[in-house]
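One structure is given below, encoded as structure tokens.
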Amino acid sequence: MTRVVTRPGPAAAPGGADEYADEYVDEYADEYVELRRHGLRYACRVVGGTVAGRDGPTADTATTEPLLLLGGALQDMYSWPRLERRIASRTRLVLIDLPGTGTADDLPAEQGFDVLAQAAVHALDHLGLRRVNLLGASYGAPIAYRIAQRHPERVARLLLAGAAHRVNDPMAALMRDTVQHLESASAHPGDSPAGPGDSSAGPGDSPADLWPGPGDYADRLADCLVNRDEQHRVRQSAAVRRLLTRQCLRITRREALRNAACHRRLLDGELLPPGGIRGVTTLVFTGEHDHTTTARQNRDVAATIADSTLLFLREADHMAHLERDTEYAELVLRFLHDLPLDGLPYCTPPEHPAPGPGTGPAPVPATRCPAA
């Protein structure tokens with residue numbers, strides 16, 4: 001199914017030649033594609049890469065390979081609208097609900113990142129995309145890492161945003177507590193159905209069917225993802241924290257149980273397979289104040305990749321895609337078009353960690369993430 005999405009056109013400076021440019025729109029294709037692998041149903045969207053202007057026919061505007069975006073555990077294929085509208089005219093963007101997220105079927109917790117990587121590659125096969133750019137953010141980073149490691153010929157460029165070999169201790173404690181609480185709550189039925197006569201949605205799907213104690217989970221998760229100690233140095237920190245808290249307070253029991261399965265996957269030892277990556281140009285980045293995946297953790301990941309660049313977005317933390325969305329998109333586009341990353345005012349100077357034999361992750365330092 002393909003639909004046309006209308007997005008506001010760029011507004012020109014008042015008095016300029018295109019003073020009324022904001023009165024017309026560009027129209028980007030937005031295709032919804034259903035997928036199935038090993039009995040699991042999932043889906044993706046293919047956005048942009050073509051544009052229908054006010055005076056001309058639809059034209060191919062992509063200037064680089066399509067970008068497959070693998071997002072965080074709390075995200076789905078509709079969670080990146082800010083990035084979509086900033087890069088859709090320059091590249092096709094593939095956003096995917098892998099099993100266990102969004103509209104897809106549930107994925108048992110014991111099925112790990114290998115299964116998710118295979119599902120992502122299957123989606124590329126289904127779409128006929130032999131070579132793509134690949135962005136893995138947070139929970140998506142271990143998936144993207146596996147794809148690049150095992151199928152380097154299919155990855156033109158790799159971006160890892162907020163990557164680590166393992167979850168830090170405070171986040172792990174939150175995840176263990178949440179899993180225990182959710183699994184205990186699920187052992188006592190009481191979910192209400194989505195609504196009378198709605199057979200497509202099962203117990204736990206109703207927005208009113210919230211799991212017990214979401215407020216505690218919301219506060220602790222926000223503390224782990226947003227660096228409260230450095231909030232005076234992070235742009236839009238308070239607004240992003242409120243957004244995360246509201247999102248967590250609205251999740252249903254079924255969504256919370258899915259989050260628990262994601263937590264179990266993240267707690268399952270090393271997130272990245274040994275052996276490193278060769279033959280793929282890579283950018284590893286996050287916010288300079290990220291305490292979810294620290295600078296040291298991201299540097300350790302970059303050191304396992306032969307052709308890697310490491311840098312940090314200034315005045316941002318783990319939620320850099322929301323705190324500095326314009327700069328985040330510009331950085332992604334610059335890397336996808338092989339433009340220099342030196343001297344960008346919103347980034348630290350690029351580093352090039354040298355991988356070596358036996359390179360492994362350093363111990364993960366404890367960072368502040370308050371307990372309940």
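Please read these numbers as outputs of a predicted model, since none were measured by experiment. We count residues from 1, following the sequence as given.
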Practice prompt. Kindly determine whether Val280 and Tyr145 satisfy side-chain contact (heavy atoms from CB on, under 4.5 Å), including the steps that lead there.
Written response: CA-CA 10 Å; Val280 180; Tyr145 192 99; over 6 Å; no

Practice prompt. Kindly determine whether Asp177 and Arg220 satisfy side-chain contact (heavy atoms from CB on, under 4.5 Å), including the steps that lead there.
Written response: CA-CA 11 Å; Asp177 290 349; Arg220 291 181 64 187; 3.2 Å; yes

Worksheet entry | Steps toward side-chain contact (heavy atoms from CB on, under 4.5 Å) verdict (Leu244, Leu221) | CA-CA 8 Å; Leu244 283 172; Leu221 183 66; 5.6 Å; no

Practice prompt. Starting from the C-alpha separation in whole Å, work towards a yes-or-no answer on side-chain contact (heavy atoms from CB on, under 4.5 Å) for Leu95 and Leu70.
Written response: CA-CA 7 Å; Leu95 303 111; Leu70 305 171; over 6 Å; no

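The CD atom of Glu31 lies 7.5 Å from the SG atom of Cys44; values are rounded to the nearest 0.5 Å. Rounding to the nearest 0.5 angstrom, the gap separating the CD atom in Gln111 from the CG atom in Leu40 is 6.5 Å. To the nearest 0.5 Å, atom CG of residue Leu98 and atom CG of residue Leu107 are 9.0 Å apart. The distance from the NE2 atom of His318 to the CG atom of Asp290 is 5.5 Å, given to the nearest 0.5 Å. Expressed to the nearest 0.5 Å, how far CG of Leu310 lies from CG of Leu283 amounts to 8.0 Å. Atom CE in Met319 sits 5.0 Å away from atom CG in Leu322 (nearest 0.5 Å).
Between the side chain of Gln149 and the backbone N or O of Pro274 there is at least one donor-acceptor pair closer than 3.5 Å. Not a single donor-acceptor pair under 3.5 Å links the side chain of Asn133 to the backbone N or O of Ala156. Under a 3.5 Å cut-off, the side chain of Gln297 and the backbone N or O of Thr294 do form a donor-acceptor pair. No donor-acceptor pair closer than 3.5 Å links the side chain of Arg131 to the backbone N or O of Pro66. Remark: the backbone N or O of Met77 is paired with a side-chain donor or acceptor of Asp97 at under 3.5 angstrom. Without hydrogens or angle criteria, Arg36 side chain to Tyr42 main chain gives no donor-acceptor distance under 3.5 Å. Without hydrogens or angle criteria, Gln118 side chain to Val115 main chain gives no donor-acceptor distance under 3.5 Å. Arg334 places no side-chain N or O within donor-acceptor distance of the main-chain N or O of Ala329, the cut-off being under 3.5 Å. Of the possible polar contacts, none joining the Thr309 side chain to the Pro350 backbone as a donor-acceptor pair under 3.5 Å is found. Using modelled atom types, no side-chain atom of His289 and backbone atom of Arg314 make a donor-acceptor pair closer than 3.5 Å.
Residues Gly72 and Ser138 share a closest heavy-atom pair of CA-CB, 4.4 Å. Between Ala73 and Tyr139, the shortest heavy-atom distance links the atoms N-CB, 3.3 Å. The shortest heavy-atom contact between Thr282 and Phe335 is C-CZ, 3.6 Å. In this structure, Leu174 and Cys224 approach most closely via the heavy-atom pair CD2-SG, 4.0 Å. Between Ala144 and Leu134, the shortest heavy-atom contact is O-CD2, 3.6 Å. Closest heavy-atom contact between Glu84 and Leu93: CG-CD2, 3.7 Å.
With sequence neighbours left out, Arg41 forms a side chain to side chain donor-acceptor pair (under 3.5 Å) with Asp105. Applying the side chain to side chain donor-acceptor pair (under 3.5 Å) criterion to Asp317, with sequence neighbours excluded, gives no partner residue. Legend: residues meeting salt bridge (charged side-chain N to carboxylate O under 4.0 Å, His left out) with Glu330, ordered by chain and number and at least two apart, are absent. Taking Thr101 as the reference, nothing meets the side chain to side chain donor-acceptor pair (under 3.5 Å) condition, with sequence neighbours excluded. Looking at residues two or more places apart in sequence or on another chain, you find a side-chain contact (heavy atoms from CB on, under 4.5 Å) between Gln75 and Ser79, Trp80, His321.
Residues Ile251 and Asn259 have side chains in contact (heavy-atom distance under 4.5 Å, counting atoms from C-beta outward). Under the 4.5 Å side-chain criterion, counting only non-hydrogen atoms from C-beta, Asp125 is in contact with Val121. With a 4.5 Å cut-off on side-chain heavy atoms, Val47 and Arg92 do not count as touching. Using a 4.5 Å heavy-atom cutoff, the side chains of Val33 and Arg45 are not in contact. Residues His263 and Arg176 have side chains not in contact (no heavy-atom distance under 4.5 Å, counting atoms from C-beta outward). Taking 4.5 Å as the limit, some side-chain heavy atom of Val301 sits within range of a side-chain heavy atom of Leu160. Counting heavy atoms from C-beta outward, Asn168 and His291 have side chains that stay 4.5 Å or more apart. A 4.5 Å side-chain heavy-atom check between Arg241 and Gln231 finds every atom pair outside the cut-off.
Hydrophobic clustering places Ile305 together with Ile147 (ILVMFWY residues linked when any side-chain heavy atoms are closer than 4.5 Å, directly or through intermediates). The hydrophobic cluster containing Ile277 also contains Val132, counting ILVMFWY residues as joined when their side-chain heavy atoms lie under 4.5 angstrom apart, directly or transitively. Taken together through direct or relayed side-chain contacts under 4.5 Å among Ile, Leu, Val, Met, Phe, Trp and Tyr, Leu339 and Leu344 form parts of separate hydrophobic clusters. Residues Leu158 and Val284 share a hydrophobic cluster, clusters being chains of Ile/Leu/Val/Met/Phe/Trp/Tyr side chains in contact below 4.5 Å. The cluster map of Ile, Leu, Val, Met, Phe, Trp and Tyr, joined by side-chain heavy atoms under 4.5 Å apart, puts Leu243 and Leu225 in the same cluster.
Listed by first and then second residue, the salt bridge (charged side-chain N to carboxylate O under 4.0 Å, His left out) pairs involving residues 108-117 are Asp114-Arg146, Asp114-Arg150 (not counting sequence neighbours).
A salt bridge links Arg157 with Glu65: the distance from a Lys NZ or Arg NE/NH1/NH2 to an Asp or Glu carboxylate oxygen falls below 4.0 Å. Using a cut-off of 4.0 Å between Lys/Arg side-chain N and Asp/Glu carboxylate O, Asp307 and Arg278 are scored as not salt-bridged. Ion pairing between a basic and an acidic side chain is recognised when a charged N comes within 4.0 Å of a carboxylate O; Arg233 and Glu230 show such pairing. Taking 4.0 Å as the cut-off between side-chain N and carboxylate O, Arg235 and Glu323 do not count as a salt-bridged pair. With respect to the salt-bridge test (charged N to carboxylate O, under 4.0 angstrom), the residues Glu270 and Arg166 qualify. Between Glu351 and Arg299 there is a salt bridge, since at least one side-chain N of the basic residue sits less than 4.0 Å from a carboxylate O of the acidic one.
Within a 6.0 Å sphere centred on CZ of Arg37, other residues, nucleotides and ligands contribute more than 12 heavy atoms.
For the residue pair Asn298 and Thr286, no side-chain donor N or O sits within less than 3.5 Å of a side-chain acceptor on the partner.
Residues Tyr328 and Tyr346 place their aromatic rings such that the two centres sit no closer than 6.0 Å.
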